[in-house]
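Residue numbers start from 1 in every chain, and the chains themselves are labelled A, B, ... in the order their sequence lines are given, proteins ahead of strands. The structure presented is a predicted model; accordingly, all values stated were derived computationally and were not measured.
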2 protein chains.
Amino acid sequence: MLVRTNALTRRSIDGPLATLAGDQVACSEFRYRRGAEVFGEGEPAEYAYQVISGAIRTYKLLSDGRRQINSFHLPGDIFGLENGRAHRFSADAVVETEVRITRRHSLVDVMKRRETETNLVDLVTRNLQHAENHMLLLGRKTALEKVAAFLLEMDERLAHPNVMVLPMGRRDIADYLGLTLETVSRALSSLRDEHMLRFDGQTQREVVLLDRIRLAELDS
Amino acid sequence: MLVRTNALTRRSIDGPLATLAGDQVACSEFRYRRGAEVFGEGEPAEYAYQVISGAIRTYKLLSDGRRQINSFHLPGDIFGLENGRAHRFSADAVVETEVRITRRHSLVDVMKRRETETNLVDLVTRNLQHAENHMLLLGRKTALEKVAAFLLEMDERLAHPNVMVLPMGRRDIADYLGLTLETVSRALSSLRDEHMLRFDGQTQREVVLLDRIRLAELDS
DNA sequence: GGGCGCATTTGATTCAGGACAAACGGCTGG
DNA sequence: CCAGCCGTTTGTCCTGAATCAAATGCGCCC
């Protein structure tokens with residue numbers, strides 16, 4: 001992997017990874033093209049990553065190609081650290097994405113030394129909590145409830161913007177929710193028809209939530 | 001909660017919780033009747049638990065009663081520790097179950113002080129890994145694949161016994177796999193008809209796996 | 001030991017979501 | 001500016017699993 005050195009590429013954007021690591025940890029940045037793989041399932045986990053811009057998806061595949069996306073990582077999110085020594089899933093770029101990279105072990109060391117709230121246990125626990133909620137969604141919610149939950153999750157993570165610009169396409173949403181892309185599309189159309197959302201711009205990726213209350217009711 | 005003191009109830013059965021805690025942590029035992037609640041979602045998480053005998057299920061509910069079981073905890077398993085200060089899900093006894101109980105914070109303190117492989121991060125990470133695999137199952141596997149995966153998981157956790165005695169009923173299996181109990185029953189019957197398993201004893205809870213190879217093939 | 005109740009199986013039917021197919025529309029590159 | 005290419009929507013049909021409904025069979029309690 002080509003990793004440019006810190007000195008050459010340091011940007012003005014800072015975040016937990018840089019803040020936490022401070023001067024003690026060498027920190028590089030890297031840019032992934034749309035669809036580029038960050039790491040693959042089974043590979044040794046040498047680095048920790050933080051999204052600067054863009055979006056990363058982490059997922060598992062079945063042998064026949066069926067895919068389950070665990071989570072989407074948006075700017076500020078740290079990922080790749082929750083794995084042990086080997087990655088338990090793959091990660092790639094949903095769109096052109098900038099990532100801050102640091103050596104895993106050095107970051108873990110720093111985290112161990114500290115007793116801050118930004119520690120390793122909390123990071124893994126947050127991932128676990130997300131997974132628990134997602135299991136409930138995957139196992140027990142209907143298509144409409146899943147899509148409503150997805151919209152509210154993204155809305156919250158993007159800090160309730162007026163216009164929500166989704167970096168991922170229908171296929172990605174489907175593989176996150178355990179649906180087909182057609183079912184996702186139909187659910188979105190249905191929510192539009194019910195005036196709970198509206199599409200903005202030319203592409204169908206810019207969504208305006210018109211009624212968060214009713215969306216939340218749908219999401220049991 | 002009624003917790004008998006260590007001195008009065010100490011048994012011969014030892015395990016990670018007692019071993020790890022040693023003399024520094026007060027350790028009690030408690031018995032739950034079939035169906036009894038150990039803790040509920042949202043309650044403060046004061047204790048950590050280890051199953052001595054029986055089985056515990058942890059689960060989340062939707063408002064209309066739909067249930068998703070996160071995991072089954074069998075003898076030796078520690079649970080309740082992966083939550084933060086408040087429990088993120090409920091736990092109750094699948095059958096009559098003995099549990100070793102200790103105060104959460106004292107156990108966490110002991111774990112922090114140690115640098116063993118039995119530490120908190122690994123415990124939470126194992127839970128996360130299980131959840132990741134389970135999301136793939138819930139989102140992307142068929143009913144037959146789910147049931148085959150369930151049987152193989154239980155087989156492994158019970159150390160490949162000749163006769164596997166399942167503590168949970170069809171409803172519990174269904175709520176773990178995101179299916180209905182009828183579908184689970186049909187899948188099991190189908191696997192029996194295909195000579196991949198056989199029921200033993202009178203109840204249909206004692207299963208003998210006849211062809212682990214073909215079961216594993218089914219489980220993509 | 002007999003009868004009741006619960007768990008499980010099995011059968012018939014329905015239905016939510018999947019699969020296949022076609023049309024549309026915006027973006028891209030020649 | 002046009003053509004081809006995606007990504008998305010929409011339509012139709014199909015199917016796997018859910019739902020509804022019995023029947024069976026075992027354990028337990030009286």
Side-chain angles (χ1 to χ4, degrees), chain A residues 33-35 55 57 62 64-68 94-96 137-148 150-151 165-194 197-207 218 220, chain B residues 33-35 62 64-68 94-96 137-148 150-151 165-194 197-207 218 220:
Chain A
R33 280 188 301 280
R34 173 171 205 270
R57 61 185 167 233
L62 291 175
D64 62 359
R66 279 173 287 173
R67 180 178 67 158
Q68 177 61 46
V94 175
V95 291
E96 174 108 1
L137 177 148
L138 291 170
R140 289 299 182 216
K141 289 187 184 175
T142 65
L144 206 57
E145 289 167 347
K146 287 175 175 183
V147 172
F150 168 77
L151 291 169
V165 182
L166 299 174
M168 70 292 284
R170 301 294 185 257
R171 163 64 60 100
D172 286 325
I173 300 173
D175 284 350
Y176 180 58
L177 300 177
L179 298 171
T180 60
L181 66 90
E182 293 96 328
T183 299
V184 170
S185 177
R186 273 184 243 276
L188 287 170
S189 298
S190 151
L191 293 172
R192 167 177 39 72
D193 296 346
E194 298 278 353
L197 61 81
R198 168 166 75 71
F199 292 117
D200 204 87
Q202 337 290 37
T203 75
Q204 313 298 88
R205 299 221 186 162
E206 299 179 28
V207 175
L218 268 186
S220 287
Chain B
R33 282 188 300 280
R34 174 171 205 269
L62 291 176
D64 62 359
R66 279 173 285 173
R67 180 178 66 158
Q68 177 63 46
V94 175
V95 290
E96 174 106 2
L137 177 147
L138 290 170
R140 287 302 181 213
K141 289 186 184 176
T142 66
L144 206 58
E145 289 167 347
K146 285 176 176 183
V147 171
F150 168 75
L151 291 169
V165 182
L166 299 173
M168 70 293 283
R170 302 292 186 257
R171 162 66 59 101
D172 286 326
I173 300 174
D175 285 350
Y176 180 59
L177 300 177
L179 298 171
T180 60
L181 64 91
E182 293 96 328
T183 299
V184 170
S185 177
R186 276 183 243 276
L188 287 170
S189 298
S190 149
L191 292 172
R192 165 176 43 69
D193 296 347
E194 298 278 354
L197 62 81
R198 170 166 75 69
F199 292 117
D200 204 88
Q202 334 294 33
T203 75
Q204 314 299 87
R205 299 221 187 163
E206 300 179 27
V207 176
L218 268 187
S220 286

Examine dT10(C): is either OP1 or OP2 under 4.0 Å from a nitrogen or oxygen in the side chain of Arg170(B)? Give yes or no.
-> no
Under 3.5 Å, is there a donor-acceptor pair between the side chain of Arg140(B) and the main chain of Leu179(A)?
-> yes
Here the distance between atom C1' of dT9(C) and atom CG of Leu191(B), to the nearest Å, is 15 Å
Select base, sugar-phosphate, or nothing to describe what Leu179(B) touches, counting heavy atoms under 4.0 Å on all strands.
-> sugar-phosphate
Going by an N to O cut-off under 4.0 Å, is there a salt bridge joining Arg171(A) and Glu182(A)?
-> no
In 5'-to-3' order, the base (B), backbone-only (S) or no-contact (-) status of each nucleotide in nucleotides 24-30 of chain D, using a 4.0 angstrom heavy-atom cut-off, is --SS---
Calculate the interatomic distance between Lys146(A) atom NZ and dA16(C) atom P; express it in whole Å.
-> 14 Å
Looking at Ser189(B), does any N or O in its side chain come under 4.0 Å of the phosphate oxygens OP1/OP2 on dT10(C)?
-> yes
Roughly, in whole Å, what's the span from CD in Glu206(A) to P in dC27(C)?
-> 10 Å
Closest to the Phe199(A) side chain, choosing from dT9(D), dT19(D), dA19(C) = dT9(D)
Mind calculating the distance between CZ (Arg140(A)) and C1' (dA16(C)) to the nearest angstrom?
-> 15 Å
Mark yes or no for whether Arg170(A), through its side chain, and Val184(A), through its backbone, hold a donor-acceptor pair below 3.5 Å.
-> no
When the nearest nucleotide of DNA chain C is assigned to Thr183(B) and to Leu144(A) on a heavy-atom basis, which residue is associated with the more 5' position?
-> Thr183(B)
Which of these, Leu144(A), Val147(A), Val207(A), Asp193(A), sits in a side chain to side chain contact (heavy atoms under 4.5 Å, CB included) with Leu188(A)?
-> Val147(A)
Enter the inter-axis angle for the ends of the helix from dG1(C)-dC30(D) to dG30(C)-dC1(D) (five pairs per end, rounded to 10°).
-> 40°
Any side-chain N or O of Arg34(A) under 4.0 Å from OP1/OP2 of dG7(D)?
-> yes
Separation of Met168(B) CE from Tyr176(B) OH (nearest 0.5 Å) | 8.5 Å
Identify whether any heavy atom of Thr180(A) sits under 4.0 Å from a base atom; if not, whether one sits that close to sugar-phosphate; answer base, sugar-phosphate or nothing.
-> sugar-phosphate
5'-most contact on DNA chain C (nearest-nucleotide basis), Lys141(A) vs Met168(B), goes to Met168(B)
Return yes if the base of dG16(D) and the side-chain atoms of Arg186(B) contain a donor-acceptor N/O pair under 3.5 Å, otherwise no.
-> no
Got a donor-acceptor contact below 3.5 angstrom from the Ser190(B) side chain to the Arg186(B) backbone?
-> no
In whole Å, what is the span from the CG atom of Leu181(A) to the P atom of dG7(D)?
-> 10 Å
Closest nucleotide among dA19(C), dT8(D), dT8(C) to the Arg205(B) side chain = dT8(C)
Lys/Arg N to Asp/Glu carboxylate O, Arg198(A) vs Glu206(A), below 4.0 Å = no
Are Asp175(A) and Arg57(A) within salt-bridge range, i.e. N to O under 4.0 Å?
-> no
May I ask you to decide whether Arg67(B) forms a salt bridge with Asp172(B), counting only side-chain N to carboxylate O separations under 4.0 Å?
-> yes
Please report the closest heavy-atom contact between Arg205(A) and Pro167(A), naming both atoms and the distance.
-> NH1-O, 3.1 Å
Rounding to a whole Å, what distance do you find between Leu197(B):CG and dT8(C):P?
-> 15 Å
For Leu188(A) and dG7(D), give me the distance from atom CG to atom P, rounded to whole Å.
-> 17 Å
Please report, rounded to the nearest Å, how far the C1' atom of dT9(D) is from the CD atom of Glu182(A).
-> 10 Å
